[in-house]
Participant: 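Below is one structure. I have some questions about it.
If you're wondering where the values come from, they're calculated on a predicted model, not measured in any experiment.
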Amino acid sequence: MLGDLYINSQDAWATWKVAMGNGFIENLLVPAGLKEFIENESRLENGKRVITTIPKVSSRDVTLTFNIHGDTTTEYLSNYAAFVAILQAGTVKIRVPAINMTFNLIYKKSSSFNIGRARMDSSLAVKFEEPDPTNRI
């Protein structure tokens with residue numbers, strides 16, 4: 001867990017005890033779609049013209065699940081609050097060394113939340129927008 005995930009250049013586990021949830025890497029690697037092609041439908045021609053040269057990638061939405069932990073309820077709540085503050089700052093850079101990529105994301109909203117019975121761990125599903133999927137380091 002240590003060194004598995006970096007958020008805004010900080011080790012997520014060492015800083016907030018945050019780890020990747022189920023399907024995290026898979027969701028990051030889902031390919032972005034293409035912008036709509038330029039089309040022209042003229043009454044002088046059959047069908048329509050579709051210009052498919054130089055396709056452009058469109059922005060995409062991605063949902064990532066984070067697991068947040070604490071050794072005590074107080075530590076968990078502190079980690080949770082600090083992590084949510086990082087998300088709500090707006091722009092988030094997520095780096096996953098296992099795939100050697102950094103994703104530039106914009107926080108949109110949290111979509112689901114589950115807390116453990118002991119109130120020392122939870123999972124948080126977060127929706128992001130990746131405005132330019134070609135801008136990955």
Participant: Under 3.5 Å, which donor-acceptor pairs do the side chains of residues 83-102 form with other protein atoms, sequence neighbours left out?
Facilitator:
unit_1	atom_1	unit_2	atom_2	d
K93	NZ	N104	OD1	2.7

Participant: When rounded to the nearest 0.5 angstrom, what distance separates CZ in R136 from CG in L105?
Facilitator: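 Reported value, rounded in 0.5 Å steps: 8.5 Å.
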Participant: Any idea which heavy atoms bring S122 and I115 closest together, and the distance?
Facilitator: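 Nearest heavy atoms, S122 then I115: CB-CA, 3.8 Å.
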Participant: Between E75 and G70, which heavy-atom pair has the shortest distance, and what is it?
Facilitator: OE1-C, 3.4 Å
Participant: Do the non-hydrogen side-chain atoms of K17 and D71 ever get within less than 4.5 Å of each other?
Facilitator: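 Side-chain contact under 4.5 Å: yes.
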Participant: Side chains of L5 and F66: does their closest heavy-atom pair fall under 4.5 Å?
Facilitator: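 In contact.
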Participant: Check whether Y6 and F128 end up in the same hydrophobic cluster, where Ile, Leu, Val, Met, Phe, Trp and Tyr are linked by side-chain heavy atoms less than 4.5 Å apart.
Facilitator: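 No, Y6 does not connect to F128 through the hydrophobic network.
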Participant: If you count the non-hydrogen atoms of other residues, nucleotides and ligands that lie under 6.0 Å from CD in E36, is the total more than 12?
Facilitator: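 It does not: E36 CD has 12 such atoms or fewer within range.
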Participant: Is T15 reaching over with its side chain to a backbone N or O of D11, donor-acceptor style, under 3.5 angstrom?
Facilitator: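 Present.
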Participant: Enter the distance from L64:CG to S111:OG here, rounded to the nearest 0.5 Å.
Facilitator: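 Spacing of CG (L64) from OG (S111) equals 10.0 Å.
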Participant: Among W16, W13, Y76, find the residue that satisfies the ring pair (Phe, Tyr, Trp, His ring centres under 6.0 Å) test when tested with H69.
Facilitator: W13
Participant: Please determine whether a side-chain nitrogen of the Lys or Arg among E41 and R49 lies less than 4.0 Å from a carboxylate oxygen of the Asp or Glu.
Facilitator: no
Participant: Under 4.0 Å between a side-chain nitrogen and a carboxylate oxygen: does that hold for D61 and K108?
Facilitator: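 Here D61 pairs with K108 in a salt bridge, since their nearest N and O are under 4.0 Å apart.
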Participant: Side-chain polar contacts of residues 19-33 - donor-acceptor pairs under 3.5 angstrom, sequence neighbours left out - could you list them?
Facilitator:
unit_1	atom_1	unit_2	atom_2	d
N27	ND2	G23	O	3.3
N27	ND2	T63	O	3.0

Participant: If the condition is ring pair (Phe, Tyr, Trp, His ring centres under 6.0 Å), which residues does F37 pass it with, not counting sequence neighbours?
Facilitator: none
Participant: To the nearest 0.5 Å, what is the distance between CD on E130 and CZ on R60?
Facilitator: 4.5 Å
Participant: To the nearest 0.5 Å, what is the distance between OG1 (T73) and CG (D121)?
Facilitator: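 Answer for the OG1-CG pair, T73 versus D121, is 10.0 Å.
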Participant: Is S42 reaching over with its side chain to a backbone N or O of L44, donor-acceptor style, under 3.5 angstrom?
Facilitator: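 Present.
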Participant: Does R119 reach the main-chain N or O of G116 with its side chain, forming a donor-acceptor pair under 3.5 Å?
Facilitator: no
Participant: How far does CD1 of I38 sit from NZ of K56, to the nearest 0.5 angstrom?
Facilitator: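 Reported to 0.5 Å precision, the distance equals 10.5 Å.
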